[in-house]
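Chain naming here is simple, since letters A, B, ... match the order of the sequence lines and numbering starts at 1 in each.
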Number of protein chains: 2
Amino acid sequence: MTTETTTRDTTRSGTQTAALTTARSGTPTTARTAARSGTQTDGPGYVHGYSTTEAQRLGDQANTLAELLHAGTAYRAGSRVLEAGCGVGAQTVHLLAASPGIHLTAADISADSLAQARARVAAHAPGAQVTWHHGDLHRLPFADGAFDHLFVCFVLEHLADPAAALAALRRVLRPGGTVTVIEGDHGSAFFHPESAAARATVDHLVRLQSGAGGDALIGRRLHPLLTEAGFADVTVRPRTVYADGSRPALVEGFTRRTFVAMVESVRSDALAAGLTTPDAFDRGIADLRRTAEEGGTFHYTFFKAVAVNP
Amino acid sequence: MTTETTTRDTTRSGTQTAALTTARSGTPTTARTAARSGTQTDGPGYVHGYSTTEAQRLGDQANTLAELLHAGTAYRAGSRVLEAGCGVGAQTVHLLAASPGIHLTAADISADSLAQARARVAAHAPGAQVTWHHGDLHRLPFADGAFDHLFVCFVLEHLADPAAALAALRRVLRPGGTVTVIEGDHGSAFFHPESAAARATVDHLVRLQSGAGGDALIGRRLHPLLTEAGFADVTVRPRTVYADGSRPALVEGFTRRTFVAMVESVRSDALAAGLTTPDAFDRGIADLRRTAEEGGTFHYTFFKAVAVNP
């Protein structure tokens, strides 16, 4: 399922941004590896994030949430920054917008995602200085302390051993450098009207991700994970999305097009895994959609952590 | 169970603050009425908040949370403000501290709570101008538009028909005046390590409150409730408590002494109602306590709403 690939390209800005290495995905030891190295299937190993419509969804999500998630993250021009697990570049473009002049290395284990990320950055940040790296974040080929800052967004949720991944990342961060980690937590979702069917449907997504070796409830674990990985001055803050009738753009952009769409995307996987029936799943989705209608409310919490390599 | 009472007193500041009316609690039509008009029992009708240790707990909670909940609430000196459901005065003292010079009327259906509130205000805000009113917030004797602002904190969760209560309160608010409502939502609680036993134990509290006619999940409903009650420009924002090892005072003040203590206080009621067994309940409490130890995290969301009487 995995392939040995050399990627080499030049961005539209004309900057030479050859991939730094020949990456070998190797044995899929993590959920992320499994998800990114294989084709989409209906099996329970599916982790959201790697289809064409998913790429669109993630782009929408990033735009809606950009300010919420990126506020407070701005690196000095000239800083060497690594985005570990850039995926399709949904966050990369916001990272570059907030920190002009940085030397960004964007790494991902999926060549397809990386190609999309390159195209997205070329379109949205044509002058940005980006080095694209195709490889596994557990085995980055960079020198110890090669970066001033690490940025890791919506990545740890897919990993079987996120503390080990963070420890591997810490090696390439200079002493005194910072890591920023952003993750969601599907257990933070609650809504009105309350619905057991909707709650069960969300739980299916959590179970599928767990079955694939990930953790959809990882947001609440960022503090202990970063501490375990050897970081210091670990500061975690919730970043909450709350949508009600007074915020129609958020209802549309987050509740409907991000959260409900994400849950809905695992329908066939949840059925294949025997977690639910078509009727029960669809009832849950209908109830989730109800929370985006008049009188409904929806709440979700992301967690943003910043820590220092001592 | 209810009594007709006239209260009359003078605060330490010397200001005459006779109760405005002879209040008759009448038939206990709401959970709050039921809870406040009766003695504490072990039956499922119990709603946390009305024992001596509970008063201490609520005072601790108010101090820990004062800044979180009261930030942004400051009324102009001379404003006529009604605190509907002041209870033991846990929020009253913070309200007065943030808004010196207001003419506060503090109302509650429990004479005992009101007496504690008076003592608390006398101790903490001796110069404050407070009128104490013993009565039911559904049938306040004040003139239409008598107040510039209403403040309602941790009250609606106990009411069988919170929209009706808000509509009754709106009558005594002048056009253009504001209402501020603060409520928790026990469904917002999540924690690490995750624990089904802990979650079940929290759910018992939710069910007991529901059985008593209240709603421990009311925070998420503030927007539709205020809208239904006829208020305009309804703005609701989450106010999140997130505690981890980097915030020991919050872990102690909120996770342990507020949330876990609150859940623990319904032990006998949960057992009497047949919701759980001693072992299962205690396991849930132990798991909740674990979230306050090293590597644990705890998350809870309050909701604060501000709206205008059109």
Side-chain angles (χ1 to χ4, degrees), chain A residues 68 163 184-196 198-199 203 206 210 215-228 231-247 250-251 290-291 293-307, chain B residues 68 163 184-196 198-199 203 206 210 215-228 231-247 250-251 290-291 293-307:
Chain A
L68 180 79
D185 190 311
H186 294 354
S188 75
F190 61 97
F191 35 76
H192 176 72
E194 177 61 276
S195 156
R199 197 160 290 282
D203 285 345
V206 174
S210 172
D215 182 3
L217 310 179
I218 200 166
R220 69 190 73 178
R221 294 172 58 201
L222 292 188
H223 191 277
L225 283 171
L226 284 157
T227 303
E228 182 185 342
F231 288 95
D233 299 333
V234 181
T235 302
V236 180
R237 291 293 178 271
R239 301 235 167 161
T240 298
V241 180
Y242 165 71
D244 64 28
S246 68
R247 302 167 126 180
L250 202 55
V251 169
R290 172 69 190 83
T291 72
E293 291 167 18
E294 194 183 337
T297 67
F298 190 88
H299 176 287
Y300 187 92
T301 299
F302 295 93
F303 289 86
K304 183 167 184 173
V306 179
Chain B
L68 181 79
D185 190 311
H186 295 353
S188 75
F190 61 96
F191 34 77
H192 175 72
E194 177 61 277
S195 156
R199 196 160 291 282
D203 284 346
V206 174
S210 174
D215 182 2
L217 310 179
I218 201 166
R220 68 190 74 178
R221 295 172 58 203
L222 292 188
H223 191 276
L225 283 171
L226 284 158
T227 303
E228 182 185 343
F231 288 95
D233 299 333
V234 181
T235 302
V236 180
R237 291 293 178 271
R239 301 233 168 163
T240 298
V241 180
Y242 165 70
D244 63 28
S246 68
R247 302 165 126 180
L250 202 56
V251 169
R290 172 69 190 83
T291 72
E293 291 167 17
E294 195 185 336
T297 68
F298 190 89
H299 177 286
Y300 187 93
T301 300
F302 295 92
F303 289 87
K304 183 167 184 173
V306 179

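In terms of heavy-atom pairs under 4.5 Å with chain B, the best-connected choice from P224(A), A189(A), G187(A) is P224(A). For the options T301(B), L217(B), T227(B), T235(B), heavy-atom pairs under 4.5 Å to chain A are most numerous at T301(B). Listed options T297(B), V234(B), D244(B) were ranked by heavy-atom pairs under 4.5 angstrom with chain A; first place goes to D244(B). When each of S246(A), G296(A), P193(A) is scored by its heavy-atom pairs under 4.5 Å with chain B, the top score falls to S246(A).
With a 4.5 Å cut-off on non-hydrogen atoms, R199(B) touches chain A through its side chain but not through its backbone. For chain A, no part of F298(B) is nearby; none of its heavy atoms comes within less than 4.5 Å. When heavy atoms are compared at a cutoff of 4.5 Å, D233(B) does not approach chain A at all.
When side chains are defined from C-beta on, Y242(A) does not count as touching R220(B), because their heavy atoms never get closer than 4.5 Å.
We find the NE2-CG distance between H299(A) and D185(B) to be 8.5 Å, quoted to the nearest 0.5 Å.
Under the rule for a ring pair (Phe, Tyr, Trp, His ring centres under 6.0 Å), H192(B) has no partner lying at least two apart in sequence or in another chain. For the ring pair (Phe, Tyr, Trp, His ring centres under 6.0 Å) test, no residue two or more places apart in sequence or in another chain qualifies with H223(A).
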